[in-house]
Amino acid sequence: MGRKVAVVGIGHSKFGVRNDVNIAELAWESIKQAFESANLEAKDIEYVSVSNVGGWSGEPLPAVVVSEYAGLTGKPLYRVEAACASGSSAVYNAYNAVSSGQVDIAMAVGVEKMNESPTPTVVEFIGRAGNYFWEFENFGLTFPGYYALYATAYMSKYGATEEDLCQVAIKNHYYASFNPKAQFQRKIDLPTCMNSRYIAWPLKLFDASPITDGSAAVILASEEVAKKLTDSPVWIHSVGAASGSANLSKRNDFTGLEAANIAAKMAYKKAGLESENTAKFFDVAEVHDCFTIAEIMAYEDLGFVKRGEGYKLVKEGQTYIGGLIPVNLSGGLKAKGHPIGATGVSMVAELSKQLLNKADKGRQATIKNGRAIAHNVGGTGHYAYVTILGLDKPKD
Amino acid sequence: MSMDLSISRFWRKKEIIYKLNGAKCKSCGKVHYPPKNACPYCGSRELELVELPRRGKLISYTTIYAIPEGARHQSPIYYGLIDLGVTKITAELTDIVNANSLKKDMEVEATLRKTQEDRDAGLIYYVLKFRPVLVQK
């Protein structure tokens with residue numbers, strides 16, 4: 001299984017429209033905080049993994065620009081990409097470097113500047129995800145369109161309604177209102193969501209995550225080094241990773257994301273946890289709510305509840321603080337924002353904060369089990385990463 | 001970037017686009033669309049083009065309102081994920097009078113329709129779209 005790995009430093013920029021900084025400055029906001037929280041300097045870092053999808057922003061090789069600005073020139077450096085799950089792939093990449101014994105201290109940085117291109121260009125870029133010639137160019141299937149196909153299939157199978165989907169948006173906007181780093185710090189009500197215009201029926205504007213600039217960073221360390229650095233390490237208990245077919249039409253099921261389910265089972269197995277009825281293991285979760293339907297499918301793909309019961313969780317308020325399992329207390333992709341390459345790193349940073357009781361007032365989960373779970377999806381289920389974090393040192 | 005299509009590429013793919021040809025793997029028997037030179041299921045390179053059934057059932061559907069530039073005048077586009085029995089396909093739905101008429105398991109059939117016009121040469125591109133099968137009573 002390799003060596004034990006802990007999160008020893010975290011950083012998170014303000015998410016939103018960040019035309020005030022360039023990509024290196026934006027990444028530095030998070031890197032600087034991560035250095036400070038870990039009590040480390042650039043010279044201590046032995047490995048750097050930068051996640052960025054790009055295309056819409058000016059720097060085609062962002063990793064070198066980011067690392068030079070942060071004083072990390074000379075270190076082993078990677079730019080990794082797994083669509084919207086790029087951030088988790090960077091964390092996994094850095095985790096593997098430490099776990100394998102290659103290095104003792106590694107850093108994962110996620111950064112994205114989507115607002116450098118006009119919105120239609122960004123929407124088109126995202127629409128080309130998958131097998132673009134066959135699903136986008138000839139046929140005009142947009143990215144929200146893919147998730148709309150999942151939403152329609154889910155709703156017609158289980159009876160969930162558009163109101164139920166909106167409950168996800170309402171919850172995530174509610175918690176984002178307590179998060180100063182979030183893009184949208186305002187609450188919304190049901191009519192606001194229900195009356196917003198359709199993008200791809202049954203999905204409306206308020207079912208969708210926004211176009212966001214932002215960054216996040218985490219510093220990972222081996223057990224030996226972590227002990228010296230901090231009294232409060234957050235351990236990475238396991239990472240599950242999987243992928244799905246390029247063509248949507250090659251998938252078997254359209255009421256859940258198979259790749260996410262495979263990744264979840266892998267993460268549970270590695271962490272020594274059962275893969276059913278799993279909500280009880282965790283105090284808090286961050287899941288990939290690029291669209292509201294995606295959060296509902298995540299509840300089921302992660303095994304919090306049985307198939308077909310995910311929408312009931314949010315309907316009954318069970319994913320608020322005090323419910324079965326609080327989900328997306330950061331505001332999620334929906335309201336915190338979704339700077340594609342930064343999202344997965346942001347999830348790990350956020351959950352580390354939650355576990356250490358350092359989240360902002362109004363959105364701190366009650367920590368009892370000392371365990372948290374991150375679920376990050378790339379594309380429409382093309383990539384999936386599930387990361388389990390905990391306060392207790394993982395068992396041997 | 002835009003929604004512009006390439007004339008030469010469209011020509012090369014005409015067997016697939018106009019005839020609804022998929023690829024059948026001679027080794028594992030699976031049929032897939034769009035066709036590739038290697039089977040994505042078993043890796044075999046022994047494949048043959050087969051005409052896919054032109055009728056199928058809707059697994060799921062959506063009405064897309066936010067359309068990329070270049071095709072915005074077509075908004076809204078009805079879109080379906082269709083089970084053809086031997087394989088599944090995503091395609092535009094056409095002849096939809098009322099979006100509420102779309103239902104899971106609804107029978108649809110392929111029909112050749114215009115999709116776009118070339119901006120410079122004026123060439124008209126056709127693709128197979130799917131329309132509801134009218135029930136004879």
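For clarity, every value in this text was computed on a predicted model and none was experimentally measured. In what follows, chains carry the letters A, B, and so on, assigned in the order in which the sequence lines appear, proteins first and then strands, with residues in each chain numbered from 1.
Here the shortest heavy-atom pairing between B:T62 and A:W201 reads OG1-O, 2.5 Å. Across every non-hydrogen atom of A:A153 and B:I59, the tightest pair is CB-O, 4.4 Å. When all heavy atoms are compared, the tightest approach of A:K250 to B:Y33 is NZ-O, 4.0 Å. Of all non-hydrogen atoms in B:S60 and A:A148, the two that sit nearest each other are OG-O, 4.5 Å.
No more than 12 heavy-atom neighbours from other residues, nucleotides or ligands sit within 6.0 angstrom of CZ on B:R45. Sparse packing is recorded around CG of B:N37, with 12 or fewer heavy atoms of other residues, nucleotides or ligands lying under 6.0 Å away. Remark: B:K14 NZ is packed, more than 12 non-hydrogen atoms of other residues, nucleotides or ligands lying under 6.0 Å away.
Proximity to chain B is limited to the side chain of A:F254, based on heavy atoms less than 4.5 angstrom apart. B:P40 touches chain A through its side chain: at least one heavy atom from C-beta onward sits under 4.5 Å away, while N, CA, C and O do not.
Using a distance-only test at 3.5 Å, with no hydrogens or angles considered, a donor-acceptor pair links the side chain of A:T152 to the main chain of B:Y61. Side-chain N or O atoms of B:K88 include one that pairs as donor or acceptor with a backbone N or O of A:R251 at under 3.5 Å. Looking at A:S249, its side chain never comes within 3.5 Å of a backbone N or O of B:I89 through a donor-acceptor pair.
To the nearest 0.5 Å, atom OG of residue A:S156 and atom CG of residue B:L102 are 11.5 Å apart. Here the CD1-OG1 distance, from A:I199 to B:T63, works out to 13.5 Å after rounding to the nearest 0.5 Å. Atoms CD1 and CZ, from B:I64 and A:F143 in turn, are 12.5 Å apart once rounded to the nearest 0.5 Å.
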